Amino acid sequence: MTSTATAQNLSFVLEGIKQVKFEDRPIPELVDPHDVLINVKYTGVCGSDVHYWEHGAIGDFIVKDPMVLGHESSGVVVKVGSGVTTLKPGDRVALEPGVPCRRCDPCKSGRYNLCIRMAFAATPPIDGTLAKYYRLPEDFCYKLPDSMTLQEGALIEPLSVAVHIAKQGNIRPGNSVVVFGAGPVGLLCGAVARAFGASKIVLVDIQKPRLDFAKKYTATGIYLPQRVSAQENAQRIKEENDLGPGADVVLDASGAEPSVHTGIHVLRTGGTYVQGGMGKNEMTFPIMAACTKELTVKGSFRYSSGDYSLAVDLVATGKVSVKELITNEVKFEEAETAITDVKAGKGIKTLIAGL
Ligand SMILES: [Zn+2]
Ligand SMILES: [Zn+2]
């Protein structure tokens, strides 16, 4: 293992299933005039990092060559290209870790998260942000206001995921929203729903401690699913939370099949269902209920135009608070412990400090 003191760009590299190492890699060069070089300061551990560590793949994305993990980062600008006008060395920024081609149809229509040539950090074969230095175009770095810490800056990534899910849900003031999954993204979905004006926000999870946290954090109601049918669980959610004929919007941040079923059944006629959580590739689906209730059913993937800047704004203006979610912070050298802790379900969000 390379010593921290002598390394130039120490990086946390996944070599294979449960095989990681610290490697001193070259400091990235600025290749485009609009590139900036960032000294990464904090990185949140994401379920996807854990999944790649444990399985070496997510669906069709397979780790074939050693890959740097991490994509939920904040940092300090250390160098800017000749064409950079919006940032200078010393600026503190949140890093948007996926750079689209800017040329394909989805890019040009403003849905760059669907870019066919997306280069996304820590998605094979693209290296992630768990390194001392990382390079990004200036417009994928979001300056943090003085009121925000770099730790909060690392939470902008999962918050942007939640912003995108909530936007897909088309939440209106006064709406009732049921969120499935009270992990970081589900909790943030609840917080964004509140910021968007929802008056009832019910969090559903199979882990009681997470629900207790959700209740303190942002939920107006919580529900622990029982061993009854999806229809019956949906009925109980409606009754216990005065949802009348059903919720206006369901946001899934669990990816679990029972959540999908209960979510469809808990919606009112004409309601909107958003799938944000990733679980099994295929599952059964209550399509008759979706049909006869004329539901709108949408997917949500990562984040797109305006999501990152809105996420920074929500935190800067105090409409969403993210610091409660940070339950653990470890040194860079302890990155693997952070991964195994998250795997073991410890805390809400673990941050790995940079070098
Ligand atoms: Zn993530
Ligand atoms: Zn594109």
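In this text the structure is predicted, and so the values were computed from the model without any measurement. All values below come from the heavy atoms of this structure, side chains included, with hydrogens, waters and symmetry mates left out. Counting starts at 1 for both ligands and their atoms, in listed order. The chain is numbered in sequence order, starting from 1.
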* Examine the side chains of His71 and Thr43 and answer whether a donor and an acceptor come within less than 3.5 Å of each other. => no
Does CD in Glu29 sit with more than 12 non-hydrogen atoms of other residues, nucleotides or ligands closer than 6.0 Å? no
- So does Ile287 have more than 12 non-hydrogen atoms from other groups sitting under 6.0 Å from CD1? no
Is it the case that the ring center of Phe140 lies less than 6.0 angstrom away from the ring center of Tyr112? yes
message = Using a 6.0 Å distance limit plus a 45 degree cone around the ring axis, check whether Arg302 lies over the aromatic ring of Phe120.
response = yes
Taking only distance into account, with no hydrogens and no angle test, what donor-acceptor pairs under 3.5 Å do side-chain atoms of residues 54-62 form with protein atoms, sequence neighbours excluded?
residue: Glu54; atom: OE1; partner: Lys343; partner atom: NZ; Å: 3.4
residue: Glu54; atom: OE2; partner: Lys343; partner atom: NZ; Å: 3.2

Practice task
Examine the side chains of Gln275 and Asp252 and answer whether a donor and an acceptor come within less than 3.5 Å of each other.
Solution key: yes
What lies under 2.8 Å from the Zn ion (ligand 1), restricted to protein N/O/S atoms, is Cys46 SG, His71 NE2, Glu72 OE2
Contacts satisfying side-chain hydrogen bond (donor to acceptor under 3.5 Å, both in side chains) that involve residues 181-200 (not counting sequence neighbours) are Arg194-Thr218
Exercise. Relative to the ring of Phe22, is the ring of Phe12 parallel (under 30°), tilted (30 to 60°) or perpendicular (over 60°)?
Worked result: tilted
Note on the Zn ion (ligand 2): protein N/O/S atoms within less than 2.8 Å are Cys101 SG, Cys104 SG, Cys107 SG, Cys115 SG
